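What you see below is based on every heavy atom in this structure, not just the backbone, and it leaves out hydrogens, waters and symmetry mates. Source: prediction; values computed, not measured.
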Amino acid sequence: MTAAALSTAPTAQQLEQRLRDTLQPSALEVIDESCQHHGHAGANGSGFGTHFRVRITSHLFTGKSIVMRHRLVYDALHDFMARGLHALAIEAQAPTA
């Protein structure tokens, strides 16, 4: 992995800001789990920037299926895929009453 490729790898903070701007969450946690996937497909050898877990609660998910909630998260983060984002584990909830 080149230094240039590593410098463009997405960070948890970048993903979090994009999700905040796009999905207006009431709760959000973005965890970089890349170090747990060393040697797996999509790993870049640095231990960061490839595999993330997103836990998000947003009113925009109300009335939407799990598939539609995941689609909203993927749509918000799609341009990070070209920068090395390989995998997302998504836990998307609508607020409870």
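- Interatomic distance, Leu77 CG to Arg18 CZ, rounded to the nearest 0.5 Å: 7.0 Å.
- Taking CD1 of Ile66 as the reference point, atom CD1 of Ile90 lies at 11.5 Å (rounded to 0.5 Å).
- Hydrophobic clustering (ILVMFWY, side-chain heavy atoms < 4.5 Å, transitive): Met68 and Phe61 are in distinct clusters.
- With rounding to the nearest 0.5 Å, the separation of NE2 in His51 from CG in Leu88 is 10.0 Å.
- Without hydrogens or angle criteria, Thr62 side chain to Ala94 main chain gives no donor-acceptor distance under 3.5 Å.
- Formation of a donor-acceptor pair under 3.5 Å by the His78 side chain with backbone atoms of Asp75 is found in this model.
- Side-chain contact between Thr22 and Val73 is absent, with no heavy-atom pair separated by less than 4.5 Å.
- The cluster map of Ile, Leu, Val, Met, Phe, Trp and Tyr, joined by side-chain heavy atoms under 4.5 Å apart, puts Tyr74 and Ile31 in different clusters.
- Between atom CD of residue Glu29 and atom CZ of residue Arg53 there is a gap of 9.5 Å, rounded to the nearest 0.5 Å.
- Judged by distance alone, with hydrogens and angles left aside, the side-chain atoms of Ser26 form no donor-acceptor pair with the main-chain N or O of Ser58 at under 3.5 Å.
- Nearest heavy atom pair, residue Arg69 against residue Ala92, reads NH1-O, 3.2 Å.
- Between the CG atom in Leu15 and the CZ atom in Arg83 there is a gap of 8.5 Å [rounded to 0.5 Å].
- Both Leu28 and Phe52 are assigned to one and the same hydrophobic cluster, defined by single-linkage of ILVMFWY side chains at heavy-atom distances under 4.5 Å.
- Rounding to the nearest 0.5 Å places CD of Glu91 at 4.5 Å from CZ of Arg55.
- Taking 4.5 Å as the limit, every side-chain heavy atom of Thr11 sits out of range of all side-chain heavy atoms of Asp32.
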